[in-house]
Each structure stands twice: as C-alpha cells, then as structure tokens.
Colleague: 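Before anything else, here's the structure in question.
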Amino acid sequence: MGVEICVEGLTKSFGRQVIWQDVSLTLPAGEISVMLGPSGTGKSVFLKTLVGLLKPDRGSITIAGKDVTRLREHDLYEVRKLFGVLFQDGALFGSMDLYDNIAFPLREHTRKSESEIKRIVLEKMDMVGLIGAEEKLPGEISGGMRKRAGLARALVLDPEIILFDEPDSGLDPVRVAYLNQLIVDLNAQIDATFLIVTHDIASARQVPDNIGLLFRRELVMFGPREDLLTSEEPVVRQFLNGRMQGPIGMAEEKDAAQVKQELAELHAGNHRGPKGGKGSGGGKIPRLLPSPGIARSPRWEEIAENEEKMQRLRKLRVAVGPDGGVTGA
Ligand SMILES: Nc1ncnc2c1ncn2[C@@H]1O[C@H](COP(=O)(O)OP(=O)(O)OP(=O)(O)O)[C@@H](O)[C@H]1O
C-alpha cells in the first residue's frame with residue numbers, strides 16, 4: 001500500500017519569481033492524483049520539490065512521518081527510495097539496451113545478484129508489455145515504448161509513490177489511451193500512490209481519484225475527480241473544457257473586464273471555444289477501470305461497483321429522457 005504525501009503551506013520561488021505559494025494538499029495513500037495547470041505554472045517544479053530535488057522557501061512535505069524539506073542528504077536518500085519517477089522522455093541512457101536501462105537502479109542501489117535482477121527486470125517488462133524488447137536501444141523504439149521502458153525502470157525498486165511527468169507528451173491519442181490503461185492497471189496491481197502531471201484533459205477526466213489545478217501561482221483546487229469535473233469555478237471549468245473564454249489567457253493573465261464579458265457570453269450560451277458548450281457534463285465521464293484479468297484490490301472493487309451503479313443510472317436517465325418522457329425501448 002502506498003504512502004500518503006501531506007503538503008502544507010508550500011511556497012517556491014526562483015530569485016524574485018514566485019512559482020507557487022501556500023500550496024496545501026494531501027495525496028491519499030494508494031490513490032491516483034492528477035495535477036493540471038497551464039504551461040509554466042510550476043507543475044514540474046512541484047514534482048521536483050516533492051522528491052527533494054528542489055528546496056521550497058516555506059512549508060512542509062510530510063512523507064512516512066518525515067518532513068522532506070528538512071532532511072539532510074543521507075535521510076533524503078532514504079526517502080527518495082520510496083519514489084519511482086517517470087520523466088517526460090523516459091530519461092533512458094541512449095547507449096544501453098532496454099534491459100540494462102531497466103536494471104540500472106537495481107545495480108546502482110541494491111546488492112542483488114544478476115539472476116535476481118533478471119527476474120525483477122523481466123517481471124517489470126512484462127507488466128508494461130515490453131517482453132521481447134530487452135535488446136532494443138532507446139533510439140530504435142517508439143515514443144510510447146520509451147515511456148513504458150521508463151515506467152518499468154521506475155518500478156524496479158518497488159516504489160510506494162510514482163510520479164509521472166507528462167506521461168502523455170508526444171504520444172498520439174491511441175498511445176495515450178493505452179498508457180492510461182496501463183497506469184490504471186499498475187495502480188490496481190501495486191497500490192502505490194500515483195501523482196500524474198499532465199495537460200491531457202481526457203486523461204484527467206478518466207484516470208484519477210483526485211485532481212488539482214495550479215494557476216497564477218496558486219493551487220486553485222484539489223479534490224475528488226467528480227468535484228473538479230462538476231466545479232463551477234471559472235478557472236477549473238475553462239481548463240477542463242479547453243476553452244479560450246475565461247481567466248486563462250495566452251500569456252496566462254487576462255484583463256478582468258474581458259474575463260467578465262467572456263464568462264457572461266458563455267453563460268448566455270454564446271460560446272466560441274474549440275470544445276463543448278455550456279456545461280461540460282464532465283461528472284458523467286466514466287472512470288477507466290483495470291483491464292479484465294487484472295486482480296483488483298478492495299479499493300478498485302469499490303470503484304468498479306460505484307461505476308456500474310453510475311452507468312445504470314446514466315442508462316436510466318437516457319431511457320427516461322430529460323423531460324421525464326420514456327425514450328428508445
Ligand atoms: N531551476 C530553475 N531555475 C530557475 N527557474 C526555473 C527552474 N526550474 C523551473 N524554473 C521556472 O519555473 C517556472 C515553472 O516551470 P515548470 O517547468 O515547473 O512549469 P510546468 O508547469 O511544468 O510547465 P509545462 O507544462 O510547460 O511543462 C518556469 O518559469 C521555469 O522557467
């Protein structure tokens with residue numbers, strides 16, 4: 001079972017540039033959380049701060065009873081062992097084949113025998129669907145395979161927490177769908193705490209238990225997926241609907257009067273944005289469940305039961321129709 005991460009009052013700046021301030025949230029143990037936010041809002045900085053690669057100005061990050069922000073290098077090293085990180089490009093060594101790339105953390109951080117290493121590497125390669133690609137070099141495989149190899153490498157030390165830095169970047173929608181399914185399947189199997197930084201709204205709608213949104217140096221919201229997907233908060237609605245109208249602009253900042261006018265237009269149904277109109281219906285998006293055949297923890301059993309109930313309700317609503325009249329059938 002993964003561990004909880006409790007962040008309180010976290011602030012980070014570089015020189016005079018405040019990246020975000022007073023961020024407080026709890027990533028529940030074993031759950032999947034997604035952090036959204038426009039480019040440059042400091043999502044990657046947030047991940048690096050969690051693993052202790054960057055020091056915040058203020059605040060605390062409590063993991064397994066220890067405040068990461070106050071640890072000395074040796075203790076930090078111990079806490080980092082709890083983490084697996086999937087970097088954007090997989091961060092593989094170009095000159096090593098996939099087997100050696102994935103074995104690297106085991107050879108570097110443990111005293112396991114080569115036969116034990118082989119067992120673990122092949123097990124993780126199997127989990128991410130890469131069996132048979134052991135001898136491939138990173139340059140010889142697709143972006144999606146590189147991500148999966150990076151994921152296998154993040155798994156070899158059996159982490160309690162996995163951080164995903166834009167796992168979908170550079171992948172086509174079909175590969176993103178496969179990767180999302182893999183993330184859900186892995187969570188069902190290993191029950192670690194997952195934090196995914198992404199821009200991909202479709203993934204954010206289907207995959208996590210919780211969603212957070214960083215904007216203008218603040219954590220605008222963090223909470224259960226349904227709460228964010230049905231939120232009326234203008235920044236959250238704009239981001240989740242991929243609209244131009246709203247507080248988020250090209251250069252992030254918009255004139256308050258313009259935002260007010262755009263939101264008024266939107267409420268009046270006069271929407272010019274690229275996706276969707278009034279009301280996203282986001283709360284009704286079904287949640288991605290583990291693939292058939294993947295053993296489900298009690299947590300996932302409960303999620304699946306709730307999803308089935310929701311689906312029955314949705315079908316009922318479609319059959320009855322919005323005005324109460326029975327349709328179809
Ligand atoms: N080591 C650093 N020194 C100084 N500034 C930095 C450093 N790392 C990041 N920044 C700045 O912090 C800000 C946030 O960067 P970050 O990469 O975390 O954003 P992001 O939300 O992950 O963006 P994207 O979605 O485009 O990847 C940027 O302005 C960046 O230039």
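Order of appearance sets the numbers: ligands from 1, and atoms from 1 within every ligand.
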Colleague: Around atom 18 (O) of ligand 1, find the nearest protein heavy atom and jot down its residue, atom name and distance.
Modeller: Val45 N, 2.9 Å

Colleague: For the CG atom of Leu25 and the CD1 atom of Ile61, what is their distance to the nearest 0.5 Å?
Modeller: 9.5 Å

Colleague: Under 4.0 Å from ligand 1, counting heavy atoms only, is it the side chain of Ile19, its backbone, both or neither?
Modeller: side chain

Colleague: List ligand 1 atoms under 4.0 Å from His199, heavy atoms only on the residue side.
Modeller: 25 (O)

Colleague: Students should be able to answer this: which protein heavy-atom is nearest to atom 21 (O) of ligand 1, and at what distance?
Modeller: Lys43 NZ, 2.8 Å

Colleague: Which residue and atom name correspond to the protein heavy atom nearest atom 27 (O) of ligand 1, and how close is it?
Modeller: Glu166 OE2, 3.1 Å

Colleague: Classify the ring geometry between Phe46 and Trp20 as parallel (under 30°), tilted (30 to 60°) or perpendicular (over 60°).
Modeller: perpendicular

Colleague: We want to know whether Thr198 and Lys43 form a side-chain donor-acceptor pair, criterion being a heavy-atom distance below 3.5 angstrom.
Modeller: no

Colleague: Note the single closest protein heavy atom to atom 19 (O) of ligand 1, along with its residue, its atom name and the distance in Å.
Modeller: Gly42 N, 3.3 Å

Colleague: Testing the 3.5 Å rule here: is there a donor-acceptor pair between the side chains of Asn180 and Gln206?
Modeller: no

Colleague: Show your reasoning for whether salt bridge (charged side-chain N to carboxylate O under 4.0 Å, His left out) applies to Asp168 and Arg175.
Modeller: CA-CA 8 Å; Asp168 36 59; Arg175 298 268 147 64; over 6 Å; no

Colleague: Charged N to carboxylate O below 4.0 Å: is that the case for Glu78 and Lys81?
Modeller: yes

Colleague: To which protein heavy atom is atom 5 (N) of ligand 1 closest, and what is the distance rounded to 0.1 Å?
Modeller: Phe14 CD1, 3.3 Å

Colleague: Nearest protein heavy atom to atom 17 (O) of ligand 1, by residue and atom, and its distance?
Modeller: Ser44 CB, 3.7 Å

Colleague: Give me the nearest non-hydrogen protein atom to atom 23 (O) of ligand 1 as residue plus atom name, then the distance to 0.1 Å.
Modeller: Gly40 N, 2.9 Å

Colleague: Among protein heavy atoms, which sits nearest to atom 29 (O) of ligand 1, and what does the distance come to when rounded to 0.1 Å?
Modeller: Gln17 NE2, 3.2 Å

